[in-house]
Each structure stands twice: as C-alpha cells, then as structure tokens.
Amino acid sequence: VWDRFLEFEEHRGDLAAIHKARKWAECPAEVFIAAALLEYEVDHDAKVARNIFERALKKYPKSASLVVEYVSLLERLEDYTNCRAVFERALDMLPAESTKE
C-alpha cells in the first residue's frame with residue numbers, strides 16, 4: 001500500500017501529503033526517501049532534502065536503501081565530505097550483510 005501511495009502522490013507532485021505521511025508511526029523509510037528526492041527534484045531545495053534524509057537516518061539507522069539514496073543525492077550535489085560522513089556512520093550501524101550492496 002505504501003508503494004502505491006508514493007506513486008500516486010509523486011505523480012500528483014503533492015509534497016504536502018508525503019510530508020504528512022512521514023509523521024505516521026509506521027511510515028517506512030521509502031516515504032522519507034520519496035519526500036527528500038521530491039524536495040530536491042521538484043522544489044530544488046537541497047537543504048530540505050538533506051534534513052529529511054538526516055531525520056530518516058535517525059529513525060531508520062539500519063536502512064541500507066536509505067543510505068544508498070542519501071549518498072546518491074550527496075554525490076549529485078558534489079558534497080563529498082558529507083558523503084564520506086554518511087558512509088562512515090552507515091558502516092558502523094548497518095549489519096555486515098547489508099554493507100555488501
């Protein structure tokens with residue numbers, strides 16, 4: 001259901017609905033990823049996108065997909081210092097089998 005919700009709201013470009021969804025207790029990391037990427041791609045707001053990713057990492061510190069998406073954004077922004085910092089935090093937190101991706 002979450003995947004379909006994200007597709008629907010992304011298609012509509014409704015950032016407010018996705019941001020509201022992040023407040024739901026059972027909200028998966030994918031909602032945070034979608035919100036951050038939409039902020040960057042639609043509103044061109046890299047600072048807000050980074051803040052969303054940082055909050056998501058606090059909630060889901062062991063999400064490999066979250067780390068991969070965040071690092072990809074930082075690479076696009078050519079923010080290699082923060083990219084390295086996210087990698088280092090992730091490698092300390094993620095289970096060994098997740099770091100093989």
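Sequence positions, counted from 1, serve as the residue numbers for this chain.
- What you find for Y80 and E75 is that their closest heavy atoms are OH-O, 4.1 Å.
- Taking 4.5 Å as the limit, some side-chain heavy atom of V86 sits within range of a side-chain heavy atom of R89.
- The minimum heavy-atom distance between F32 and I52, with the atom names listed, is O-CG2, 3.4 Å.
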Assess the residue pair L57 and L66 against the criterion (side chain to side chain contact (heavy atoms under 4.5 Å, CB included)); give the C-alpha distance rounded to whole Å, side-chain angles, the decisive distance to 0.1 Å, and a yes or no.
CA-CA 7 Å; L57 282 175; L66 184 61; 3.6 Å; yes
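- Annotation: side chain of R50 is not in contact with side chain of Y40 (no heavy-atom distance under 4.5 Å).
- Salt-bridge check for E41 with R76: passed, with a basic side-chain N closer than 4.0 Å to an acidic carboxylate O.
- Considering CG of D92 and CZ of F87, their distance stands at 13.5 Å, rounded to 0.5 Å.
- Closest non-hydrogen pair, V71 versus C83, comes out as CG1-SG, 3.3 Å.
- Between I33 and F53, the closest side-chain pair of non-hydrogen atoms falls below 4.5 Å.
- The two residues A49 and A36 come nearest to each other via the heavy atoms CB-O, 3.3 Å.
- Here the CG-CG distance, from L77 to L74, works out to 6.5 Å after rounding to the nearest 0.5 Å.
- Put simply, CD on E39 and NZ on K47 are 12.5 Å apart, with the number rounded to the nearest 0.5 Å.
- Residue N51 holds its CG atom at 8.5 Å from CG of D45, rounded to the nearest 0.5 Å.
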